[in-house]
Colleague: 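First the structure, which I've put down as C-alpha cells, then a few questions once you've had a look.
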Amino acid sequence: MTSLSLGVLVSGTGTNLQAILDAVERGRLDARVRVVVSNKPGVLALERARACGVKALTVSHKDYPTREAFDAALVAALRDHGVEWVVLAGFMRLLTRTMLDAFKDRIVNIHPSLLPAFPGVDAQQQALDYGVKVAGCTVHLVDEGADTGPILMQRAVPVLDTDDAAALRARILHEEHALLVETLQAIALGRLEVLAGDGSRRRARLGEE
Ligand code: GRF
C-alpha cells in the first residue's frame, strides 16, 4: 500500500475536501494532503485546509493570459509540494494538456451525476428537469473534456417527487463524500487499472483487493 501524496484543487465550499481531510485524520484514507489550491481567493475550502494544518494557496486563473499558462502555474505549485495525485473537488475549470501530461492518469474529479448523463454545471437541476428517477455521483479520471474521462466509481440515489435542486444536491453530496474517499483508498491500495480501450474510449477499473 502506498500513501498517496495528494493535491486538492477547489473553487468553493470544500465539503469534499473536508471529507478527505477527515478520512485521513481518522485513518480511513492512506494519504496525505500536501497542498490545497483554489482558483478563487477567500473561499471556505481554503479555510478548511488551514484549520487542518494543510498548506492552502490561491492561484487565480485571472492572473494568467491563457488556460495553458494557468495550468503551468498549477503544475508548479503542485510539484513544489511533492504532489503525486490530484483531486478536483469542486474545481470549476477545465484542464489543458499542460496539467494532464504533468499528472498523466493521476487526476480524479467528482461530479454530481451518473455520468455520462448530465455533465457540466447544474447537474442536479439538469436531472430534475429531465425527470430521471435515479440520480447520483461519479468519480472519474480527468481528460480534456467536461466530465468525460474513464469512470472509476459511481453511487446512485433516488430522486423524490418532492425534490427541488437543493434537496437533491444535499442527498447526492452526502454520497459524494463517501464515494470520493472510497475511490481514493482503492487507488492507495494499488487497485486502479486503466484499460487501453479498443480504439475509442479508454476505461478504468478498480479491481478487487
Ligand atoms: C460537488 O457537488 C462536486 O461534485 C461538484 O462541485 C461540488 C463541490 O462541492 N464538482 P464542495 O466544494 O466539495 O462542497
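Every number for a ligand or one of its atoms is a count from 1 in the order of the listing.
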Colleague: Return the closest protein heavy atom for atom 9 (O) of ligand 1 as residue, atom name and distance.
Modeller: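 Going atom by atom, the protein heavy atom closest to atom 9 (O) of ligand 1 ends up being Asn16 ND2, 3.9 Å.
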
Colleague: Would you please say whether a donor-acceptor pair under 3.5 Å links the side chains of Ser5 and Arg34?
Modeller: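 Yes, a side-chain donor-acceptor pair sits under 3.5 Å.
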
Colleague: Will you find, in the side chains of Thr138 and Gln154, an N or O donor that is under 3.5 Å from an N or O acceptor?
Modeller: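 Gln154 and Thr138 do have a side-chain donor-acceptor pair below 3.5 Å.
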
Colleague: So which heavy atom in the protein is nearest atom 10 (N) of ligand 1, and how far is it from that ligand atom?
Modeller: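 Heavy-atom neighbour on the protein nearest atom 10 (N) of ligand 1: Ile110 O, 3.2 Å.
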
Colleague: Got a donor-acceptor contact below 3.5 angstrom from the Ser113 side chain to the Phe118 backbone?
Modeller: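 Yes, Ser113 side chain to Phe118 backbone: donor-acceptor pair under 3.5 Å.
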
Colleague: With a 6.0 Å cut-off (strictly less than), is the heavy-atom count around CZ of Arg97, excluding the residue itself, greater than 12?
Modeller: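 Buried by this count: over 12 neighbours within 6.0 Å.
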
Colleague: Among all protein heavy atoms, pick the one closest to atom 6 (O) of ligand 1 and tell me residue, atom and distance.
Modeller: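 I find the closest protein heavy atom is Gly90 CA, 3.6 Å.
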
Colleague: With atoms numbered from 1 as shown, which atoms in ligand 1 lie under 4.0 angstrom from a non-hydrogen atom of Thr13?
Modeller: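 Once the distances to Thr13 are compared, the set is 12 (O), 14 (O).
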
Colleague: Of all heavy-atom pairs between Asp163 and Pro158, which one has the smallest distance, and what is that distance?
Modeller: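 Closest approach of Asp163 to Pro158: OD2-O, 4.3 Å.
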
Colleague: Which protein heavy atom lies closest to atom 12 (O) of ligand 1, and at what distance to 0.1 Å?
Modeller: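 Its nearest protein heavy-atom neighbour is Gly14 N, 2.7 Å.
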
Colleague: Please work out which of His111, Glu176, Met92, Arg169 has its closest non-hydrogen atom nearest to atom 2 (O) of ligand 1.
Modeller: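 Going through His111, Glu176, Met92, Arg169 one by one, Glu176 has the nearest heavy atom to atom 2 (O) of ligand 1.
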
Colleague: Below 30° counts as parallel, above 60° as perpendicular, anything between as tilted: where do the rings of His61 and Phe70 land?
Modeller: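 Rings of His61 and Phe70: perpendicular, over 60°.
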
Colleague: How close does the nearest protein non-hydrogen atom get to atom 14 (O) of ligand 1, and which residue and atom is it?
Modeller: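 The closest one turns out to be Thr15 OG1, 2.6 Å.
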
